[in-house]
Amino acid sequence: MTETLSAATTINLPSQYEPSATEAKWQGAWEQTQAFKANPSQGGEPYCIVIPPPNVTGSLHMGHAFESALIDTLVRYHRMRGRNTLWLPGTDHASIAVSTIIDKQLKAEGTTRQEVGREAYLNRAWQWKAESGGTIVNQLRRLGVSVDWSRERFTMDEGLSQAVLEAFIRLYEEGLIYRGNYMVNWCPASQSAVSDLEVENKEIDGHLWHFRYPLSDGSGSVVVATTRPETMLGDTGVAVNPNDERYSHLIGKMLKLPILEREIPIFADELVDPTFGTGCVKVTPAHDPNDFEMGKRHNLPFINILNKDGTLNENGGPFEGMDRFEARQAVVDWLQGDGAVVEIEEYKHTVPYSDRGKVPVEPLISTQWFVKIEPLAQRTLAFLDEEQSPHFVPERWAKVYRDWLANLKDWCISRQLWWGHQIPAWYAISETEGEVRDNTPFVVAKTEEEAKAKAIAQFGEQVQLKQDDDVLDTWFSSGLWPFSTLGWPEQTQDLAFYYPTATLVTGFDIIFFWVARMTLMASHFTGQIPFKDVYIHGLVRDENNKKMSKSANNGIDPLLLIDKYGTDALRYTLIREVAGAGQDIRLEYNRAADESKSVEASRNFANKLWNASRFVLLNLDGKTPAQLGKPQGNDSTELADQWILTRFDRLVDQTCDQIDHYGLGEAAKALYEFIWSDFCDWYIELVKPRLRQPEGTPTRIAAQQTLAYVLEGILKLLHPFMPHITEEIWHTLTQAEAHQFLALQPYPVAQNVGLATPTISLESEPSPEPTNADTSASGPSSYAAYQAPAASLAQTGLTLLSDWPDLLSRFILRYQSELLIALLVGSALIAIAISDAVISTLNAIPFLETILEGLGLIYLGQFAYKNLLWSDKRTVFLRSLSAEKAKILKSIREGSASDTQTAQSESLLEENSAVKALQRLRNIKSHDEPLPPIATEPLDIETQFTLIIDTIRTIRNLRQEASIKPGLLIDVVLQSENGRERQALQAGQTYIQDLAKVANLTITEQLTEDAQKQTMVGVTGTVQVLIPLAGVIDIDALRAKLEKDLAKVDKEVQSFSGRLQNEKFVSQAPPEVVQVARESLAEAELQCKILRDRLNRL
RNA sequence: GGGCGGUUAGCUCAGUUGGUAGAGCGUCUCGCUUACACCGAGAAUGUCGGGGGUUCGAGUCCCUCACCGCCCACCA
């Protein structure tokens, strides 16, 4: 042992992973070295995500943590896959939220924004932003997000503000922005208009008041109903349905409005539902959207009764100055006094609340700026309908998005606030007596100078200008985010290269607010949908499955959990919970103790990885994976090595496939499974004895190589999910320079190693080089190479030839390219003819086994050993050959295939034994041809290993059942009539001995009478496991166990035989299913037989 | 009033194109075997919300009902 080196590599690695220092270290290192700084000049395939900008007012909540974890995983993955990656961070100015904060501060100081004035107010807001606006951004850093901080943006930055100006002016000049007097949602709390989206409808228990309005001529009255009595002060008519015969005689008559005694007409309008209430509707055109429409249709007066703060104005008559809710009660009281209240009904109805202000909004008419939606929406819808762009994941959200776009109304974009982008419109107030009125002429321009010039040209030198006081809706600037952050309207290199972005990751709650606004704006200004995919995730719910919200005060602080368990643990927890499509996830949490079982489980996982790595590091003699070299496919490579490498390869493919399809949760779970179970519980345990061998022993070296190779692979695969711990271990493992990062290493590529033969490819992998930072030149083609494994197979060329049938069948399996079979097999047919002849001949030779071995028929080599040595196998093989031949012939009859593939396969074929190829072909799925009844090929590695593992488990189980001391070595007999199984057990003999604590292991076809005496017995598959017991065994316990096992197996037998006795099943189910059932039945019956036999012997 | 999602082991959830029900946590029994007790080994647990239907076969497809949750909607 080279003690010194080993010590140097694993300097005092503690047995528990310590997250906080490690996380801080790498977060600092990544940021200081600008590891994630994007460089469009490096070319390659771009991958860009813009952050959904959090509010500057915000602080990190679980939703941010979740979303950032998702995005960071995607981004890190694609970066490692060799894409030129940019994740652009930034924040949003949150007009209303900031205004609310500043207004509150002013109020506390006994002043108002009007008193301090616009300039001082804005200074204050900027100051606030400088002090508090960084909070959320710094908290994001603690999540380990791999953003490019050099490109951080804020919606009120110079550049983004220019983009807003540009967008506004262009839309205005194209007639898509207009100013007008319309009904808007008015929030009395923020004293601003808000858009439809900022209104939340809440169902509340209210009342429906029925009032009697007398006819002016005294001939009677009508009864109307309302949920908002105070609005009657603004009534200018009463409507009935034109087809309502009850009231047709009243149409055209006048009513005397109570209290104000105004004369108002009765008129007919289709909008009125005659079945609701009395069928008479009071109409308040200035305070109800429906009434507004009716008012316009019937030329009714529009009487506004409200001030901006929600109190009644002079039109409120006796109630002037009252708050709207006081007025409501006062009106009711008044009418009750007059006897005009017919009924007060308990009534549940929805009331529109202001999202931000948390008070009911009032519909009222005011002069605002609007974006004309229809032309924009048409274009955006066309992208969706004609190009399926953007592509929603999960797809169901596309429908929601579509419906919304199709029903959009014009968007009110002006807000009566100061914090935000001031509307670039200047009023020629000199034309309207020095004040801004609805009819004051205005010019729209980028700057005051420009406005002045325009105005002078229009109104002369003496014109006086005043800029519109209002600011734009925050979402107006957010709508430009994906391209304004990349430099638009300038044609920057970033914009040219990274736009349109790859994926937008966001919550469903924001599809309308943000996603649709971006697609509307982007399709108009850039002619493109700003992202290819929209990945919609669910919400993080609290431990009671409640939506986390400020008002419910049930938020779970991610930073608290990070402090306790580490960022990687939290990230991993959130991501592994994501299953299926955009489902909400629930976070387990003990509020009293600030503990979370599920995050703790992830922390334990991190710790497991830590310790497994520690074990590996302690056993590499101080060598790095590079120094050790990749696992060589030589004699010292064991079954276990091949198995873990095969599993690893499959994991690589699976992980990539899942992430590519946004299956992050599934990928995370599979990694957990592989690391903990396959790698730690089995591989590491199996490899321990080999590591005790002297340094330099080939089997030890092979083990070290495999350990190092797989560990490094695991770190890479897991890095996007758990970036900090993997970066830390990777540095220790590889002894990488400080400026090198795992985050910038190429993601693993399946090597197609460790298959049926021990040979392992030695060639260098096609490595996609990440393009971030200065570490390397980009490799745009390598990414493509990964996506087409055929290409990488071709590259690996000659070194792989010995394995080609395995590779080929894998390739075919993977790509379902059945066409290939037909042509490949064309030349193989010849070989079949030969084999047929050979086998017939062999059967004719007496003492074949001996002769074969003696002569050492090199010609048939491994094939012969596996298939021809025993006569039962020969029979089986012959059957499979003829089946194969039929299949091949059939394929050829139907065959048509790609010429290039053919050429490739044929050239490969010439180099190899066609017989072996056929053997492999049996693995290929066939949809139309029944498989021959008996499997002939040797068990594949994974099946072999599963058998070994199951056998070990069975022995362990028996040991426990028999209360055999854990450390005690015992003898075990394994019996199977199946040669392939015996072969596999033979191969795993030492594993079974090591892990099941077996001294003497006997593998036999037939049991001797001796072996059947006093024994514990178990069954796995068709393998009988016997533990001869020297001493006395507990017969009752044994009987109980056997009976239990028997009951279970018997149930299986019933189930299968029942099915197989059903003629319809046998005749109608697919042959392979019937076959599987037959085999399962046979196995179960054998198990039954064994168990019964045992019971009888007791 | 429309639309969408959910209902599977005590808890949280997986279950790919229909083909003998799975994981984690928790529980129980062993175990300090020099990576890890934030660990290891073993075990138990489900008429897959109810009811119909299609099928040789349904957790998986269709219909229907129930419950939970979300989104949209101008019923005063």
Side-chain angles (χ1 to χ4, degrees), chain A residues 13 15-17 201 208 224-228 231 239 271-273 275-284 288-293 347 349-350 363 394 396-397 399-400 403-404 407 508-509 511-512 538-539 541 543 545-547 565 569 576-577 579-588 597-598 600-619 663 665-666 669 672-673 680-681 684-685 688 952-953 956-961 963 965-967 995-997 1051-1052 1055-1056 1059-1060 1062-1070 1072-1074 1076-1077 1080-1081 1084:
Chain A
L13 280 182
S15 69
Q16 281 191 8
Y17 170 60
N201 288 306
L208 188 61
V224 297
T226 181
T227 54
R228 295 185 296 154
T231 60
L271 208 64
V272 179
D273 174 2
T275 64
F276 184 87
T278 58
C280 295
V281 183
K282 62 186 270 308
V283 178
T284 322
D288 183 278
N290 280 328
D291 296 2
F292 178 77
E293 294 302 320
Y347 191 65
H349 63 130
T350 55
R396 65 187 138 92
W397 293 108
K399 187 179 175 319
V400 177
D403 288 350
W404 191 76
N407 296 315
F508 59 78
D509 49 335
I511 290 184
F512 308 134
L539 264 40
R541 298 179 167 275
E543 69 277 19
N545 207 18
K546 291 269 153 37
K547 188 171 163 177
Y565 303 108
R576 76 168 297 180
E577 292 292 328
Q583 225 67 261
D584 288 353
I585 61 173
R586 191 190 298 205
L587 189 64
E588 232 174 319
K597 278 284 176 198
S598 54
E600 188 183 307
S602 302
R603 188 273 317 266
N604 292 351
F605 174 50
N607 201 240
K608 185 73 182 176
L609 174 66
W610 179 255
N611 277 292
S613 307
R614 213 159 67 95
F615 173 82
V616 174
L617 286 165
L618 287 165
N619 283 287
E666 290 83 348
K669 275 179 257 190
Y672 181 101
E673 183 71 18
C680 294
D681 289 346
I684 285 186
E685 292 307 321
K688 279 178 177 173
I952 294 171
R953 287 208 167 111
R956 284 170 170 174
N957 179 353
L958 289 173
R959 293 180 63 117
Q960 186 114 1
E961 297 280 350
S963 302
K965 285 207 183 86
L995 297 194
K997 296 266 190 301
K1051 216 169 122 190
E1052 276 181 33
S1055 151
F1056 284 113
R1059 200 184 304 175
L1060 284 162
N1062 182 337
E1063 254 175 56
K1064 285 186 173 171
F1065 172 71
V1066 179
S1067 59
Q1068 290 180 35
E1072 62 264 29
V1073 172
V1074 177
V1076 167
S1080 305
L1081 177 61

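For the numbers below, each heavy atom of this structure counts, side chains included, while hydrogens, waters and symmetry mates do not. Below, chain A is the first sequence line, B the second, and so on; all start at residue 1. No experiment lies behind these values; they were computed from the predicted model shown.
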**Q.** Range-with-range stems for RNA chain B, at least three Watson-Crick or G-U pairs under 3.5 Å
**A.** B:1-7 with B:66-72, B:10-13 with B:22-25, B:27-31 with B:39-43, B:49-53 with B:61-65
Quick one: [X] [atom1] to [N] [atom2], roughly how many Å, whole number?
{"X": "A/Arg959", "N": "B/A43", "atom1": "CZ", "atom2": "P", "answer": "14 Å"}
{"X": "A/Ile585", "N": "B/C13", "atom1": "CD1", "atom2": "P", "answer": "10 Å"}
{"X": "A/Lys997", "N": "B/U33", "atom1": "NZ", "atom2": "P", "answer": "10 Å"}
{"X": "A/Asn201", "N": "B/C71", "atom1": "CG", "atom2": "P", "answer": "11 Å"}
{"X": "A/Asn604", "N": "B/A37", "atom1": "CG", "atom2": "P", "answer": "11 Å"}
{"X": "A/Arg953", "N": "B/A43", "atom1": "CZ", "atom2": "P", "answer": "8 Å"}
{"X": "A/Arg228", "N": "B/C75", "atom1": "CZ", "atom2": "C1'", "answer": "13 Å"}
{"X": "A/Leu13", "N": "B/A35", "atom1": "CG", "atom2": "C1'", "answer": "10 Å"}

If you restrict it to nitrogen or oxygen atoms, what contacts under 3.5 Å exist between nucleotides 1-9 of chain B and the protein, and what is each distance?
| residue | atom | partner | partner atom | Å |
| --- | --- | --- | --- | --- |
| B/G5 | O2' | A/Gln583 | OE1 | 2.7 |

Look at the side chain of [X] against the base of [N] and say whether a donor-acceptor pair falls under 3.5 Å; ignore hydrogens and angles.
{"X": "A/Glu685", "N": "B/A35", "result": "yes"}
{"X": "A/Gln960", "N": "B/U29", "result": "yes"}
{"X": "A/Lys608", "N": "B/C36", "result": "yes"}

**Q.** Test item: side-chain donor near acceptor, A/Arg614 and A/Asn611, under 3.5 Å
**A.** yes
Q: Give the B/S/- string for nucleotides 17-24 of chain B, one per nucleotide from 5' to 3', where a protein heavy atom under 4.0 Å of the base yields B, of only the sugar-phosphate yields S, and otherwise -.
A: --BB---S
Q) Can you tell which of B/C71, B/A76, B/C25 lies closest to the side chain of A/Lys597? A) B/C25
